[in-house]
Novice: 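First the structure, which I've put down as structure tokens, then a few questions once you've had a look.
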Amino acid sequence: TIGMIAIDTAGRIAAGTSTNGAKFKIPGRVGDSPIPGAGAYADGSVGAAAATGDGDVMMRFLPSYLAVEEMRRGTSPSYAGELAIRRIVTYYPDFVGAIVVLRKDGEYGAACHGLQSFQFSVCNSQLGQVTVQTVSCV
Amino acid sequence: EKVPVVINTWPFINATQSAWNTVYLKKKSALDAVEKGCSTCEDEQCDGTVGFGGSPDESGETTLDAMIMDGMTMNMGAVAALRRVKNAISVARYVLEHTQHSLLVGDLATQFALSMGFKEEPLETNISHNMWQNWKENDCQPNFWVNVKPDPTKSCGPYTPDTNITRRHKNDPKHRSIFSDKNHD
């Protein structure tokens with residue numbers, strides 16, 4: 001799956017996902033990717049988030065929505081992502097997944113669980129080129 | 001200097017680059033950038049987890065899910081279990097721009113895509129077929145079935161409900177994740 005979030009030069013925010021889902025899923029199964037708030041979410045007044053991992057679990061917790069709402073309450077992008085991941089882990093300690101979070105001012109962060117670490121790609125003028133960044137999982 | 005910005009899950013560099021080119025060099029919208037970035041991954045079959053020719057289901061078929069959301073209007077479009085059309089994120093964009101709906105699924109999403117001018121073609125490849133064949137030869141392991149017989153941890157289906165398992169056990173919230181950095185939504 002790819003989950004992508006972006007802010008353009010006019011400050012407009014968008015989010016999206018694309019996936020072929022889980023390997024060897026039961027036919028008809030759909031994961032979190034096409035569900036707003038689960039696979040991705042964007043609110044122009046706050047920011048955006050996109051999640052990846054076990055979609056059967058993630059769709060039960062709407063992590064992208066939760067991360068955006070945490071930012072609305074003043075939480076940093078990194079901590080908002082961590083809170084969204086921790087909410088899932090409370091119920092599913094073996095959960096595998098990650099989230100990238102972007103605030104409307106361009107500040108961003110990421111969090112993960114169940115992986116050795118999580119890599120995501122980012123680009124802005126400050127970085128000058130596409131950069132792969134790594135976060136340790138909670 | 002922090003805006004514009006594009007971020008995506010996983011180290012899919014070409015997807016990020018094409019989204020960045022769209023939003024920075026071409027001065028297009030965030031929505032355009034997201035569509036372009038995800039399309040790049042669909043074309044390149046990123047990690048085998050995006051686009052055609054990956055993640056076959058139990059029948060060997062590849063289906064696609066995608067969603068695009070405009071954070072300024074809260075408008076969105078999505079497709080799920082899209083069959084036989086490669087451009088899932090672009091079909092989702094058409095749902096956003098040409099309908100008042102949010103999510104179209106399955107064969108009927110395919111019909112919508114064809115009516116919007118998208119091409120119908122198989123999503124399976126030799127790679128996805130071999131992946132599926134190997135899974136079958138490995139007694140269909142792993143899979144997502146529980147509380148059925150024959151034992152899904154040892155055998156392929158078809159499965160039927162295992163009535164000998166108590167309801168208390170069926171509701172056991174223990175969860176065995178078979179997802180990883182190479183198998184994910």
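Keep in mind it's a predicted model, so treat the numbers as computed, not measured. Here is how names work: the chains are called A, B, and so on, in the same order as the sequence lines, proteins then strands, and each is numbered from 1.
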Novice: When you measure from the side chain of Ser155(B) to the backbone N and O of Pro152(B), does any donor-acceptor pair fall under 3.5 Å?
Specialist: no

Novice: Does any backbone or side-chain atom of Gln17(B) lie under 4.5 Å from a heavy atom of chain A? Answer side chain, backbone, both or neither.
Specialist: both

Novice: Contact part of Thr16(B) toward chain A, heavy-atom cut-off under 4.5 Å: side chain, backbone, both or neither?
Specialist: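 Both parts, backbone and side chain.
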
Novice: Find the one option among Val122(A), Thr17(A), Val96(A), Thr134(A) whose heavy-atom pairs under 4.5 Å with chain B are most numerous.
Specialist: Thr17(A)

Novice: In sequence, state the C-alpha distance, the side-chain angles, and the governing distance for Asp32(B) and Arg93(B), and then conclude on salt bridge (Lys or Arg N to Asp or Glu O under 4.0 Å).
Specialist: CA-CA 9 Å; Asp32(B) 291 328; Arg93(B) 181 86 186 258; 2.9 Å; yes

Novice: What I want to find out is whether Arg84(B) reaches Asp107(B) closely enough, with some N-O distance under 4.0 Å, to be called a salt bridge.
Specialist: yes

Novice: Specify which of Asp105(A), Ile99(A), Thr131(A), Thr52(A) makes the most heavy-atom pairs with chain B at under 4.5 Å.
Specialist: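 Top count of heavy-atom pairs under 4.5 Å with chain B: Thr52(A).
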
Novice: Among Ala81(B), Ala19(B), Ala80(B), which residue has the highest count of heavy-atom pairs closer than 4.5 Å to chain A?
Specialist: Ala80(B)

Novice: Are there over 12 heavy-atom neighbours, none belonging to Tyr159(B), within less than 6.0 Å of that residue's OH?
Specialist: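 Enclosed.
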
Novice: Could you tell me if the side chain of Pro77(A) sits less than 4.5 Å from the side chain of Met71(A), heavy atoms only?
Specialist: yes

Novice: Side chain, backbone, both or neither: which part of Met76(B) has a non-hydrogen atom closer than 4.5 Å to chain A?
Specialist: side chain

Novice: Less than 4.5 Å to any heavy atom of chain A: does that hold for the side chain of Thr73(B), its backbone, both, or neither?
Specialist: neither

Novice: Select one option (side chain, backbone, both, neither) describing which atoms of Met69(B) are under 4.5 Å from chain A's heavy atoms.
Specialist: both

Novice: Does any backbone or side-chain atom of Leu115(A) lie under 4.5 Å from a heavy atom of chain B? Answer side chain, backbone, both or neither.
Specialist: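 The side chain, not the backbone.
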
Novice: Is the number of heavy atoms from other residues, nucleotides or ligands under 6.0 Å of His98(B) NE2 greater than 12?
Specialist: yes

Novice: Within a strict 4.5 Å, meaning less than it, do heavy atoms of the Leu31(B) and Arg12(A) side chains meet?
Specialist: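 The answer is no; the side chains never approach within 4.5 Å.
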
Novice: Under 4.5 Å from any heavy atom of chain B, what part of Val30(A) do you find: side chain, backbone, both or neither?
Specialist: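 Contact with chain B: backbone and side chain both.
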
Novice: Does any heavy atom of chain B fall under 4.5 Å from the side chain of Ile35(A), the backbone, both, or neither of them?
Specialist: backbone

Novice: Is chain A contacted by the side chain of Trp10(B), its backbone, both, or neither, given a heavy-atom distance below 4.5 Å?
Specialist: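 Interface part for Trp10(B): both.
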
Novice: Once side chain to side chain contact (heavy atoms under 4.5 Å, CB included) is applied, do any residues pair with Val135(A), and if so which ones, sequence neighbours excluded?
Specialist: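 Listed in chain order: Ala110(A), Cys112(A), Phe118(A), Phe120(A).
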
Novice: Taking every non-hydrogen pair under 4.5 Å, which of Ala78(B), Gly53(B), Pro11(B) racks up the most with chain A?
Specialist: Pro11(B)

Novice: Against chain B, work out which of Gly44(A), Ser125(A), Gly28(A), Pro93(A) has the most heavy-atom pairs shorter than 4.5 Å and name it.
Specialist: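 Heavy-atom pair counts peak at Ser125(A).
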
Novice: To check you understand the geometry: which heavy-atom pair defines the closest contact between Thr22(B) and Lys26(B), and what is its length?
Specialist: O-CB, 3.5 Å

Novice: Looking at chain A, which one of Ile68(B), Asp70(B), Asn183(B) has the largest number of heavy-atom pairs inside 4.5 Å, strictly under?
Specialist: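 Most heavy-atom pairs within the cutoff with chain A belong to Asn183(B).
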
Novice: Given the options Gly16(A), Pro27(A), Cys123(A), Ser45(A), which has more heavy-atom pairs under 4.5 Å with chain B than any of the others?
Specialist: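 The option with the most such pairs is Cys123(A).
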
Novice: Go through Pro36(A), Ala98(A), Ala10(A) and name the one with the most non-hydrogen pairs under 4.5 angstrom from chain B.
Specialist: Pro36(A)

Novice: For Thr1(A), is there any backbone N or O sitting under 3.5 Å from a side-chain donor or acceptor partner on His184(B)?
Specialist: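 Yes; judged by distance alone, with no hydrogens or angles, the pair exists.
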
Novice: As an exercise: rank Ser102(B), Ala66(B), Gly157(B) by heavy-atom pairs under 4.5 Å with chain A and give me the winner.
Specialist: Ala66(B)

Novice: Parallel under 30°, tilted from 30 to 60°, perpendicular over 60°: which one fits the rings of Trp135(B) and Phe24(A)?
Specialist: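 Judged by the thresholds at 30° and 60°, the geometry between Trp135(B) and Phe24(A) is parallel.
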
Novice: Counting heavy-atom pairs closer than 4.5 Å to chain A, which one of Cys140(B), Ser29(B), Gly37(B) comes out on top?
Specialist: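 Going by pairs under 4.5 Å, I would pick Ser29(B).
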
Novice: Test question: given the 4.5 Å side-chain rule for I, L, V, M, F, W and Y, name all other residues clustered with Val105(B), or answer none.
Specialist: Leu103(B)

Novice: Pick whichever of Gly11(A), Gly39(A), Ala22(A), Gly31(A) has the most heavy-atom pairs under 4.5 Å with chain B.
Specialist: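 Max contact count across the listed options: Ala22(A).
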
Novice: For chain A, find its close neighbours in residues 113-132 of chain B: heavy-atom separation under 4.5 Å, sorted by number, or none.
Specialist: Met131(B), Trp132(B)

Novice: When you check the gap from the basic side-chain N to the acidic O, do Asp56(A) and Lys25(A) get nearer than 4.0 Å?
Specialist: no

Novice: So which atom in Tyr108(A) and which in Ile7(B) form the shortest heavy-atom distance, rounded to 0.1 Å?
Specialist: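 Of all heavy-atom pairs spanning Tyr108(A) and Ile7(B), the closest is CB-CD1, 3.2 Å.
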
Novice: Under 4.5 Å heavy-atom distance to chain B, tell me which part of Ala40(A) shows up: side chain, backbone, both or neither.
Specialist: both

Novice: Looking only at atom types and distance, does a side-chain atom of Asn20(A) sit under 3.5 Å from a main-chain N or O of Gly48(B), one as donor and one as acceptor?
Specialist: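 Yes, the answer is positive, given that a donor and an acceptor are paired below the 3.5 Å cut-off.
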
Novice: Does atom CD (Glu137(B)) have a neighbourhood of more than 12 heavy atoms from anything else shown, all under 6.0 Å?
Specialist: yes

Novice: Find the one option among Asp47(B), Thr62(B), Thr63(B) whose heavy-atom pairs under 4.5 Å with chain A are most numerous.
Specialist: Thr63(B)

Novice: Looking at residues at least two apart in the chain, or sitting in another chain, which of them share a side chain to side chain contact (heavy atoms under 4.5 Å, CB included) with Cys46(B)?
Specialist: Phe12(B), Cys41(B), Val50(B)

